[in-house]
Amino acid sequence: MLRYVSRTYLNILVISALLLILLGGIYIYSGYNITSLSFCEDCDNKPKPKMKDVTTKDGSHNGSWMIGELKMQNGLNYPQPSTQQGRTDVNSVTNWNAPLVWEGTFDPVVIDAIYKRMDPRIAAVVFAVGKYTRFLKGFLETGEKYFLVDFRVTYYIFTDNEAQVPKIALGKGRKISVVNVPSASRWQDVVLGRMKWAAITIDKQIRHEADYLFMMDIDSVFHNRFGAESLSRLSAVLHRGYYKNTNRDAFPYERRRESKAYIPTGEGDYYYTAAVWGGFLEDMYKLVRYCYDQSEVDAKNKIEAVWQEESHLNKYLLYNKPTKVLSPEYLWSDYDQQPSDIKVIRISQLVKNYAEVRPNGGQ
């Protein structure tokens, strides 16, 4: 009888130990940060940037920054949100449950109030090389009216002609930082060079001065608010030409296996533009560096992705999902009419003579 009890007790101990191991494994798994998951071998080969302690005792910034709690001041008046009413003409969530942002899917008063309490520093990186300096004035003046108004913003202007950077009246906490870069003989080299010079400057300068970063095309102007609803770890913008009824196999992905930007037929979520994209500084640095490194590998193999860094951007975002997808409101074009589902155009690319403004005549 005693032997039976001892054996039973031993079995109970073994089973308990196994349960503890199993439950411990479940606990570890359930605590894993899903936003850090990656399915891209090329992306995972790069070392992960280290995050530092971000605030000092007095609450000031100390190099890096992390998102705070979604707190809002007392007494803010705004309409009660509804669980039954909203946009029904468009989809407002991706199939990986990230927000897909359209006018009418957020309250600008609420979301700006939340992020203003966090007081993030925002970098807007633009390249104005060669004749593209002519677009600086319009971009900056309209940016001061509509781009993250009342937030701390630094416009990082990469240019080969600093004398052409206009003097613009800037709001409180907003400034311009000029970064000198060499000229280029091909527009494709300007595009690919953006990733190189942006990666270098982020590493040496911008990461000490900003918490969020946007890469934006200079040949654009703002028309309406571009606010805190655009902020996330990684925000990508749907390309206006392919957001409605285009089959994924018709997306202009890189289809040549020889390129590091290759995406096989039958794969793809959306087609994203490289004219506007943004996110946390370190997440953006990882993506910018990825596009640069992959284009360098292509160059060594004597191939250039069909749409330069945009092709590498789409490859990365297919296997490393953005945490927020912005509708084409966040980059429209003056070439196209405004359809009914685009309730507001926030920023739009200008009509221009590519043969005249591009260094190699647009070829």
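What's counted below: heavy atoms across the whole structure, side chains too, no hydrogens, waters or symmetry copies. Starting from 1, each residue takes its place in the sequence as its number.
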Please confirm whether the backbone N or O of Ala250 pairs with a side-chain atom of Thr246, one donor and one acceptor, at under 3.5 Å?
no
Look only at the side chain of Gln164 and the backbone of Glu162, and say whether a donor-acceptor pair between them is shorter than 3.5 Å.
no
Side-chain contact, heavy-atom cut-off 4.5 Å: Leu331 with Ser220?
yes
Report yes or no: does Asp160 contribute a side-chain atom to a donor-acceptor pair with the main-chain N or O of Val181 at less than 3.5 Å?
no
Got Leu287 and Leu234 here, is their nearest side-chain heavy-atom distance under 4.5 Å?
yes
Counting C-beta onward and ignoring hydrogens, is there a side-chain heavy-atom pair between Tyr330 and Glu229 closer than 4.5 Å?
yes
What's the spacing between Arg240 CZ and Gln338 CD if we round to 0.5 Å?
13.5 Å
Quick check: does any side chain N or O of Lys71 sit under 3.5 Å from a backbone N or O of Ile114, one acting as donor and the other as acceptor?
no
Does Glu329 reach the main-chain N or O of Glu103 with its side chain, forming a donor-acceptor pair under 3.5 Å?
yes
Check whether more than 12 heavy atoms from other residues, nucleotides or ligands sit under 6.0 Å from atom OH of Tyr335, and answer yes or no.
yes
Is it the case that atom NZ in Lys244 sees more than 12 heavy atoms from other parts of the structure closer than 6.0 Å?
yes
If you apply the rule salt bridge (Lys or Arg N to Asp or Glu O under 4.0 Å), what do you find for Arg289 with Asp203, and how did you get there?
CA-CA 10 Å; Arg289 184 59 189 263; Asp203 197 29; 5.7 Å; no
Only one of Ile168, Val165, Thr142 passes side-chain contact (heavy atoms from CB on, under 4.5 Å) with Lys137; say which it is.
Ile168
Under 3.5 Å, is there a donor on one side chain and an acceptor on the other for Thr133 and Asn161?
no
Using a distance-only test with no angle check, is there a side-chain donor-acceptor pair under 3.5 angstrom linking Glu144 and Tyr155?
yes
Quick one: salt bridge (charged side-chain N to carboxylate O under 4.0 Å, His left out) partners of Arg248, sequence neighbours excluded?
none
How long is the straight-line distance from CG of Leu100 back to CG of Asn97, given to the nearest 0.5 Å?
11.5 Å
For Tyr243 and Tyr270, run ring pair (Phe, Tyr, Trp, His ring centres under 6.0 Å): C-alpha distance rounded to whole Å, both residues' side-chain angles, the deciding distance at 0.1 Å, then the answer.
CA-CA 7 Å; Tyr243 79 97; Tyr270 307 109; over 10 Å; no
Can you confirm whether Leu238 sits close enough to Leu326 that some side-chain heavy atom of one is under 4.5 Å from a side-chain heavy atom of the other?
no
Taking it one step at a time, do Asp334 and Gln349 satisfy side chain to side chain contact (heavy atoms under 4.5 Å, CB included)?
CA-CA 6 Å; Asp334 290 354; Gln349 290 182 311; over 6 Å; no
How are the rings of Tyr242 and Phe251 set relative to one another: parallel (under 30°), tilted (30 to 60°) or perpendicular (over 60°)?
perpendicular
Main-chain N/O of Tyr212 paired to Arg121 side chain as donor or acceptor, under 3.5 Å
no
If you count heavy atoms of other groups shown closer than 6.0 angstrom to CG of Asp89, is the number above 12?
yes
The reported gap from CD1 in Ile176 to CG in Leu140 (rounded to nearest 0.5 angstrom) is 5.0 Å
Check against salt bridge (Lys or Arg N to Asp or Glu O under 4.0 Å), Asp298 and Lys260
CA-CA 6 Å; Asp298 273 2; Lys260 297 296 287 184; over 6 Å; no
Check against salt bridge (Lys or Arg N to Asp or Glu O under 4.0 Å), Lys131 and Asp219
CA-CA 11 Å; Lys131 296 180 180 179; Asp219 54 341; over 6 Å; no
Test side chain to side chain contact (heavy atoms under 4.5 Å, CB included) on Val221 and Phe139 and set out the steps.
CA-CA 5 Å; Val221 295; Phe139 180 91; 5.6 Å; no
Is there a side-chain contact between Leu136 and Ile157 (heavy atoms, below 4.5 Å)?
yes
With Arg207 as the cation and Tyr285 as the aromatic partner, state whether NZ or CZ is under 6.0 Å from the six-membered ring centre and within 45° of the axis.
yes
Does the gap between the ring centers of Phe226 and Phe214 come in under 6.0 Å?
yes
Check whether any side-chain N or O of Asp249 sits under 3.5 Å from a backbone N or O of Gly266 as a donor-acceptor pair, and report yes or no.
yes
Pair Tyr146-Arg225, side-chain donor/acceptor within less than 3.5 Å:
no
I'd like to know if Ile303 and Tyr290 are part of one continuous hydrophobic network [Ile/Leu/Val/Met/Phe/Trp/Tyr, side-chain heavy atoms within less than 4.5 Å].
no
Would you check if the side chain of Arg256 reaches a backbone N or O of Glu304 as a donor-acceptor pair within less than 3.5 Å?
yes
What is the ring orientation for Tyr271 with Tyr253, classed by angle as parallel under 30°, tilted 30 to 60°, or perpendicular over 60°?
tilted
Kindly check if the number of other-residue, nucleotide or ligand heavy atoms within 6.0 Å of CD (Gln85) is above 12?
no
Val276 side chain reached by Met215 side chain, heavy atoms, under 4.5 Å:
no
Would the distance check show the side chain of Thr201 and the main-chain N or O of Trp197 forming a donor-acceptor pair, the cut-off being under 3.5 Å?
yes
Any donor-acceptor N/O pair, Arg255 side chain to Pro264 backbone, under 3.5 Å:
yes
